[in-house]
Structure formats: C-alpha cells, structure tokens
Amino acid sequence: MQFITFKKSMLSIALTLFCTASFAQTMVTLDKAGDLSKKIKNTEKFTITSLIVSGSINSDDVRFLREMAGRDMDGYETDGKLSSLDLSDAKIVMGGGNYYKVKRGLSFKYYNIKENDVVDSHMFYNCRSLTSLKLPKTVKKIEQYAMQYCKSLQKCT
C-alpha cells in the first residue's frame, strides 16, 4: 500500500514540475536597443509563450517579437507561440530596420518606429497568438492599426 502512495506522490511532483516549466515566464533585460535577438536563442524563439522585456526596444526588436508572436515582416505566419508579452518596463525608441511591410500596387510600404514612446502603426498587426499585451509605461500614443486583427488579444494594458 505504501508503494502505491509513493508512486502517486512521485507522479504528482513530476506533474507539478512539468507544469511549472511549461508556464514559466522568460525575462529579458536589454542593455541596448536591437539586441533582443542576441538574448533569445534560436532554439527558444518559437517555443516561448510568455515574455517580459525591459530596456529599450527598437524596430529590430519589434520584428523579432512579431515573429515570436506568429507573424513575420511580410505578414506570413511563423511557428511563434508567444501569447503573453509584458513590455511595461521597456521603452520604445527610434532606430533599427523595418518591422512590417505591405505591398501597395507595384511598390511596398515599410513600417518602422518613427517616434520614441509611440506604439507605431502595424506594430503588432495580425499577431494572432497574443492574448495579453502590457505596453510600456512611457507610451504617449498608439497609432492606427497597431493591434488590428489580433483576434486572440483579451487584455491590453
């Protein structure tokens, strides 16, 4: 009888550890804007579901976050599973390349961060895996289409 109880206890502990590891939040502090891709390994990029970022982020970091949240620069779906993104201790700054592009007739319209502390147009556009988004405390303005078609988004603060 004690052996069965011991097995149940061990199974319970193993299940708890597994659940804790599965739902763990990844925390990243950036020393320099544009370094998010250096802080998160390629093997982790599409497996992280919950991420907390602090420090300055630019367009390069936004492009990386979009890929983690299921959409690349061209709007195509990625294997990203990021559902909870906390940027409350981050600061949006100008710089970096483009994070999104749209075909307009025979040319393309490119999007990048044009102003500090602004959630720019199309920043999280169509990132369907996002369910929770905490914007930086320093945000002054949210541009049009910044979170359009984020169909799973339930909470944005």
Side-chain angles (χ1 to χ4, degrees), residues 13-102 108-157:
I13 291 169
L15 188 57
T16 302
L17 288 173
F18 175 75
C19 289
T20 303
S22 297
F23 297 107
Q25 290 184 327
T26 302
M27 298 171 68
V28 176
T29 301
L30 299 176
D31 303 318
K32 185 176 126 192
D35 281 353
L36 184 61
S37 62
K38 295 176 186 169
K39 297 276 186 166
I40 296 176
K41 298 174 189 167
N42 279 337
T43 55
E44 298 174 316
K45 180 179 180 179
F46 295 132
T47 61
I48 294 173
T49 59
S50 183
L51 179 64
I52 300 171
V53 179
S54 60
S56 295
I57 62 170
N58 66 15
S59 293
D60 292 335
D61 300 315
V62 171
R63 183 176 57 247
F64 193 79
L65 289 170
R66 284 182 52 79
E67 292 169 0
M68 291 179 70
R71 292 290 164 178
D72 68 7
M73 183 175 150
D74 298 313
Y76 294 115
E77 204 168 326
T78 68
D79 292 331
K81 294 173 179 42
L82 182 63
S83 62
S84 176
L85 177 58
D86 183 346
L87 299 173
S88 56
D89 290 325
K91 180 171 176 55
I92 298 172
V93 297
M94 294 184 297
N98 300 308
Y99 58 77
Y100 188 69
K101 74 177 182 183
V102 177
F108 289 96
K109 167 85 172 146
Y110 293 91
Y111 293 91
N112 54 43
I113 298 171
K114 296 178 230 34
E115 187 179 345
N116 291 342
D117 299 320
V118 172
V119 178
D120 235 316
S121 183
H122 293 79
M123 193 174 275
F124 298 104
Y125 184 86
N126 208 14
C127 291
R128 295 181 183 192
S129 69
L130 282 179
T131 59
S132 173
L133 176 61
K134 290 184 182 179
L135 297 174
K137 296 172 189 168
T138 58
V139 165
K140 299 182 290 190
K141 181 170 50 171
I142 300 173
E143 292 288 347
Q144 192 173 14
Y145 310 118
M147 291 164 268
Q148 187 174 16
Y149 299 121
C150 292
K151 295 186 179 198
S152 300
L153 191 60
Q154 299 169 6
K155 184 177 180 182
C156 182
T157 53

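Computed from a predicted model, the values in this text were never measured in an experiment.
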Return the [atom1] to [atom2] distance between [X] and [Y], rounded to the nearest 0.5 Å.
{"X": "T157", "Y": "K134", "atom1": "OG1", "atom2": "NZ", "result": "5.5 Å"}
{"X": "L85", "Y": "L130", "atom1": "CG", "atom2": "CG", "result": "6.0 Å"}
{"X": "S132", "Y": "L82", "atom1": "OG", "atom2": "CG", "result": "10.0 Å"}
{"X": "F124", "Y": "C150", "atom1": "CZ", "atom2": "SG", "result": "8.0 Å"}
{"X": "K155", "Y": "S84", "atom1": "NZ", "atom2": "OG", "result": "9.0 Å"}

Any donor-acceptor pair under 3.5 Å linking the side chain of [X] with the backbone of [Y]?
{"X": "D72", "Y": "E67", "value": "no"}
{"X": "N98", "Y": "Y100", "value": "no"}
{"X": "S88", "Y": "K137", "value": "no"}
{"X": "S129", "Y": "K81", "value": "no"}
{"X": "T131", "Y": "S83", "value": "yes"}
{"X": "S152", "Y": "R128", "value": "yes"}

Can you see which heavy atom on [X] is nearest to which on [Y], and at what distance?
{"X": "S59", "Y": "G97", "result": "CB-O, 2.8 Å"}
{"X": "A33", "Y": "D61", "result": "C-OD2, 3.7 Å"}
{"X": "D120", "Y": "I113", "result": "OD2-CA, 3.4 Å"}
{"X": "N58", "Y": "D60", "result": "OD1-N, 2.9 Å"}

Is the shortest side-chain heavy-atom distance between [X] and [Y] below 4.5 Å?
{"X": "L153", "Y": "M147", "result": "yes"}
{"X": "L36", "Y": "I57", "result": "no"}
{"X": "V53", "Y": "L30", "result": "yes"}
{"X": "L133", "Y": "L135", "result": "yes"}
{"X": "V102", "Y": "Y110", "result": "no"}
{"X": "R66", "Y": "M73", "result": "no"}
{"X": "L65", "Y": "L87", "result": "yes"}
{"X": "D86", "Y": "L51", "result": "no"}

### Query
Does the distance from a Lys or Arg side-chain N to an Asp or Glu carboxylate O, for D31 and K39, drop under 4.0 Å?
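Salt bridge flag = yes for K39 with D31.
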### Salt bridge E115-K141, side-chain N to carboxylate O under 4.0 Å
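Judged by the 4.0 Å cut-off on N to carboxylate O distance, E115 and K141 do form a salt bridge.
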Judged by modelled atom types alone, do [X] and [Y] share a side-chain donor-acceptor pair under 3.5 Å?
{"X": "T138", "Y": "D117", "answer": "yes"}
{"X": "S54", "Y": "T29", "answer": "yes"}
{"X": "Q25", "Y": "S50", "answer": "yes"}

### Message
Holding to salt bridge (charged side-chain N to carboxylate O under 4.0 Å, His left out), I want the full list of residues that pass it with K101, two or more places apart in sequence or in another chain.
### Response
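Listed in chain order: D74.
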### Task
Name all pairs fulfilling the ring-ring contact (aromatic ring centres under 6.0 Å, His included) condition that reach into residues 42-77, sequence neighbours left out, sorted by first residue then second.
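For residues 42-77, and leaving out neighbouring residues, there are no ring-ring contact (aromatic ring centres under 6.0 Å, His included) pairs at all.
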### Query
Does K114 NZ have over 12 foreign heavy atoms under 6.0 Å away?
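More than 12 heavy atoms, drawn from other residues, nucleotides or ligands, come within 6.0 Å of this atom.
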### Query
More than 12 foreign heavy atoms under 6.0 Å from NZ of K151: is that the case here?
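12 or below, so no.
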### Message
With side chain to side chain contact (heavy atoms under 4.5 Å, CB included) as the criterion, how do I142 and M123 come out once you've worked through the C-alpha distance, each side chain's angles and the decisive distance to 0.1 Å?
### Response
CA-CA 10 Å; I142 300 173; M123 193 174 275; over 6 Å; no
### Task
Test side chain to side chain contact (heavy atoms under 4.5 Å, CB included) on V118 and I92 and set out the steps.
CA-CA 7 Å; V118 172; I92 298 172; 5.9 Å; no
### Task
Please identify each residue that fulfils ring-ring contact (aromatic ring centres under 6.0 Å, His included) with Y149, with sequence neighbours left out.
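For Y149, the residues satisfying ring-ring contact (aromatic ring centres under 6.0 Å, His included) (neighbours in sequence not counted) are Y125.
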